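Values below: all heavy atoms of this structure, side chains included; hydrogens, waters and symmetry mates excluded. This chain uses plain numbering: 1 for the first residue, then up along the sequence. Note that the structure is a prediction, hence the values are computed from the model and not measured.
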Amino acid sequence: MRAVDDSRPKYAAIMRVLMSWKQLPESDVSRMLHNYFLTTDDFREMEDQGYITMAFSGDEYLIVPTLLGRLWLEQYETGESSNGI
């Protein structure tokens, strides 16, 4: 039997924080979501999928949500609420 890692809840939590703050340094996102073990690779995966952009600023990445990321979060939350009925 193979374990499947579902990253969607983690991605949704990251997107919710970014929707509130518009942009944040990587360390701030990680600190705010301390219940998830977030690494730079998590953010890189999200960037590869088009949900966020990462720009190196100072000594760390600045994380900014994209339009695709906002749409993904909206769809994820709509699907989540319809599954809960």
Side-chain angles (χ1 to χ4, degrees):
M1 187 169 180
R2 192 174 99 188
V4 177
D5 183 24
D6 185 8
S7 297
R8 292 177 301 163
K10 177 174 31 177
Y11 289 176
I14 292 167
M15 290 305 300
R16 285 183 195 112
V17 166
L18 292 173
M19 294 303 293
S20 296
W21 290 90
K22 308 301 183 217
Q23 63 181 18
L24 284 169
E26 179 183 355
S27 62
D28 287 354
V29 176
S30 296
R31 194 174 309 117
M32 289 176 179
L33 298 172
H34 57 85
N35 52 332
Y36 293 101
F37 179 72
L38 296 173
T39 64
T40 301
D41 285 341
D42 293 318
F43 296 110
R44 285 189 181 130
E45 286 176 19
M46 291 183 71
E47 184 178 42
D48 289 345
Q49 293 179 20
Y51 300 155
I52 63 170
T53 59
M54 297 172 61
F56 206 72
S57 177
D59 61 350
E60 64 182 319
Y61 286 104
L62 187 64
I63 313 288
V64 182
T66 63
L67 178 58
L68 179 61
R70 291 180 183 120
L71 294 172
W72 176 86
L73 179 61
E74 184 178 318
Q75 182 179 18
Y76 176 79
E77 289 181 336
T78 301
E80 198 175 70
S81 65
S82 66
N83 290 337
I85 295 176

Engineer: For R31, give me all partners under side chain to side chain donor-acceptor pair (under 3.5 Å), at least two apart in sequence or on another chain.
Structural biologist: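 For R31 the side chain to side chain donor-acceptor pair (under 3.5 Å) partners, ignoring immediate neighbours, are D28.
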
Engineer: Nearest 0.5 angstrom please: S30 OG to I14 CD1, how far?
Structural biologist: 7.5 Å

Engineer: What pairs with E74 under side chain to side chain donor-acceptor pair (under 3.5 Å), at least two apart in sequence or on another chain?
Structural biologist: none

Engineer: Excluding sequence neighbours, so at least two apart, what forms salt bridge (Lys or Arg N to Asp or Glu O under 4.0 Å) with R8?
Structural biologist: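 R8 satisfies salt bridge (Lys or Arg N to Asp or Glu O under 4.0 Å) with D6 only.
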
Engineer: Would you say the side chain of Y36 lies within less than 4.5 Å of the side chain of P9, judging by non-hydrogen atoms?
Structural biologist: yes

Engineer: Name all pairs fulfilling the salt bridge (charged side-chain N to carboxylate O under 4.0 Å, His left out) condition that reach into residues 42-52, sequence neighbours left out, sorted by first residue then second.
Structural biologist: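 Listed once each, the pairs are K10-D42, D41-R44.
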
Engineer: Below 4.5 Å, heavy atoms only, C-beta onward: do W21 and M32 meet side chain to side chain?
Structural biologist: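 They are in contact (side-chain heavy atoms under 4.5 Å apart), so the answer is yes.
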
Engineer: Any chance you could measure Y11, atom OH, to L73, atom CG, to the nearest 0.5 Å?
Structural biologist: 14.0 Å

Engineer: Do any side-chain atoms of residues 55-65 form donor-acceptor pairs under 3.5 angstrom with protein atoms, and if so which ones, sequence neighbours left out?
Structural biologist:
from	atom 1	to	atom 2	distance (Å)
E60	OE1	S27	N	2.9
E60	OE1	S27	OG	2.9
E60	OE2	S27	OG	3.2

Engineer: If you take all heavy atoms of Q49 and L68, which pair is closest and at what distance?
Structural biologist: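 Heavy-atom minimum between the residues: O-CD2, 3.4 Å.
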
Engineer: Roughly how far, to the nearest 0.5 Å, is CH2 of W72 from CE of M15?
Structural biologist: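 Here the rounded value is 7.5 Å.
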
Engineer: Using side-chain contact (heavy atoms from CB on, under 4.5 Å), reason through M54 and M46 one step at a time and then give a plain yes or no.
Structural biologist: CA-CA 10 Å; M54 297 172 61; M46 291 183 71; over 6 Å; no

Engineer: For the CG atom of L71 and the OG1 atom of T66, what is their distance to the nearest 0.5 Å?
Structural biologist: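 Between atom CG of L71 and atom OG1 of T66 there are 8.0 Å.
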
Engineer: Who passes ring pair (Phe, Tyr, Trp, His ring centres under 6.0 Å) against F43, sequence neighbours left out?
Structural biologist: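 F43: no ring pair (Phe, Tyr, Trp, His ring centres under 6.0 Å) contacts found.
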
